[in-house]
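Worksheet for the structure shown next.
Letters A, B, ... are given to chains in the order of the sequence lines, protein chains preceding strands, and every chain is numbered from 1.
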There are 2 protein chains.
Amino acid sequence: MKLTEKKINTELKRHNYKLTNQRRAVVVSIVTCQSQFTPALIYEKLHREHPDIGLVTVYRTLGILMDLGLVCELHASGDCPAYTVGTSQHHHHLICNRCGRVVDFTGHRLAELEKRLAKESGFRIDSHVLEFTGLCLPCQKIKC
Amino acid sequence: MKLTEKKINTELKRHNYKLTNQRRAVVVSIVTCQSQFTPALIYEKLHREHPDIGLVTVYRTLGILMDLGLVCELHASGDCPAYTVGTSQHHHHLICNRCGRVVDFTGHRLAELEKRLAKESGFRIDSHVLEFTGLCLPCQKIKC
DNA sequence: GTCTAAATGAAAATAATTATCAATTACAAA
DNA sequence: TTTGTAATTGATAATTATTTTCATTTAGAC
Ligand SMILES: [Mn+2]
Ligand SMILES: [Mn+2]
Ligand SMILES: [Zn+2]
Ligand SMILES: [Zn+2]
């Protein structure tokens with residue numbers, strides 16, 4: 001389940017980051033994104049209600065949230081890197097190429113593949129990226 | 001198997017791209033890359049022997065090779081996007097975080113997962129990104 | 001309330017990529 | 001082989017994305 005504003009703020013506190021008005025606002029702007037986002041998009045959204053918050057602060061806050069693993073980076077979509085709100089468990093993403101919607105999924109079985117690859121290549125595998133792209137249901141219904 | 005200089009040049013011709021000296025040189029620079037590369041890296045390599053070829057030409061040639069599916073884009077490594085020479089069949093990548101080496105692999109079974117995800121989410125899935133990162137065998141042996 | 005390190009925003013700096021355009025060139029046709 | 005022409009090129013400028021610097025402000029511990 002997607003992380004909430006509350007959970008994110010708690011994590012920020014827990015890691016001794018000050019809970020400034022700016023950070024709160026950036027977090028709100030992020031968690032209310034139904035789909036993926038970029039720093040510029042968050043800034044734009046934010047700018048209406050908080051014209052005095054700078055783009056740098058968006059970058060900085062996003063950087064912290066990435067460090068804490070509270071947002072995920074997306075690679076397979078149009079503007080890479082894009083971001084999406086994180087969840088507590090390990091998961092991957094399904095991305096709509098039209099509206100940018102992001103759906104999380106879990107329960108893949110990459111472990112066996114990973115073991116086979118490690119054996120065959122000699123690699124010590126640490127991490128992976130797995131993303132699917134396509135069209136979400138609502139977007140399929142839109143005639144182009 | 002990785003595409004050769006010859007194969008790439010043939011494909012360029014086949015798609016009515018002129019085989020200029022600059023393009024030939026960029027292709028050579030790319031196929032002689034043992035690991036991943038960026039436009040800047042190719043330019044740097046190229047610049048020694050061909051000081052008169054500009055970085056723009058590298059970008060343009062790389063763009064064409066991407067369009068023709070002759071090079072692959074990498075997302076999971078340090079500098080994203082990076083690139084690597086393509087192969088003729090559908091495949092994925094294993095990337096060394098230290099030396100940048102790229103190993104291709106095939107034979108995964110994403111089809112079942114893809115079907116399950118499509119059913120559960122309603123998505124029409126078109127494409128995917130799958131990359132593993134870690135340390136290649138030689139790099140594991142280097143003490144840090 | 002005071003204090004202080006952390007955070008902020010303006011501005012400049014850096015980096016990556018793309019657009020413009022006049023000069024050059026590959027190569028098909030004569 | 002020469003010629004014509006559209007494609008290609010490189011210099012330069014323009015955009016865009018991101019990071020650094022630094023003086024000022026502020027959250028939150030005491
Ligand atoms: Mn995973
Ligand atoms: Mn694949
Ligand atoms: Zn959609
Ligand atoms: Zn390595």
Between V26(A) and L46(A), does the side chain to side chain contact (heavy atoms under 4.5 Å, CB included) criterion hold? Intermediate values first, please. CA-CA 7 Å; V26(A) 171; L46(A) 208 55; 3.7 Å; yes
Stepwise, does the side chain to side chain contact (heavy atoms under 4.5 Å, CB included) test hold for E114(A) with F132(B)? CA-CA 8 Å; E114(A) 194 168 306; F132(B) 289 91; 3.5 Å; yes
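Two residues are said to be in side-chain contact when any heavy atoms from C-beta on lie closer than 4.5 Å; I95(B) and R101(B) fail this criterion.
Criterion: ILVMFWY side-chain heavy atoms under 4.5 Å apart, direct or through other members. Under it, F123(A) and L113(A) are part of a common hydrophobic cluster.
Pairing each heavy atom of K18(B) with each of R23(B), the nearest pair is O-NH1, 2.8 Å. Between C33(A) and L41(A), the shortest heavy-atom contact is SG-CD2, 4.2 Å.
Per the geometry, CZ belonging to R24(B) stands 15 Å off P belonging to dT25(C), to the nearest Å. Between the P atom of dA7(D) and the CG atom of L12(B) lies a distance of 16 Å, rounded to the nearest Å. Whole-Å rounding puts the L41(B) CG to dA15(C) P distance at 16 Å.
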Would you tabulate the side-chain donor-acceptor contacts of residues 69-85 of chain B under 3.5 Å, counting partners in other chains and residues two or more places apart, or write 'none'?
{"unit_1": "S77(B)", "atom_1": "OG", "unit_2": "Q36(B)", "atom_2": "OE1", "d": "2.8"}
{"unit_1": "T84(B)", "atom_1": "OG1", "unit_2": "K2(B)", "atom_2": "NZ", "d": "3.4"}

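Axis deviation across the helix from dG1(C)-dC30(D) to dA30(C)-dT1(D) amounts to 40°, comparing end segments of five pairs, rounded to 10 degrees.
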For a quick check, with a 4.0 angstrom heavy-atom cut-off, what is the B/S/- contact string for nucleotides 8-21 of chain D, read 5' to 3'? SBB------SSBB-
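Checked for salt-bridge contact, K115(B) and E112(B) miss the test: no charged N lies under 4.0 Å from a carboxylate O.
At dG28(D), one or more side-chain N or O atoms of K13(A) fall inside 4.0 Å of OP1 or OP2 (strictly under the cut-off).
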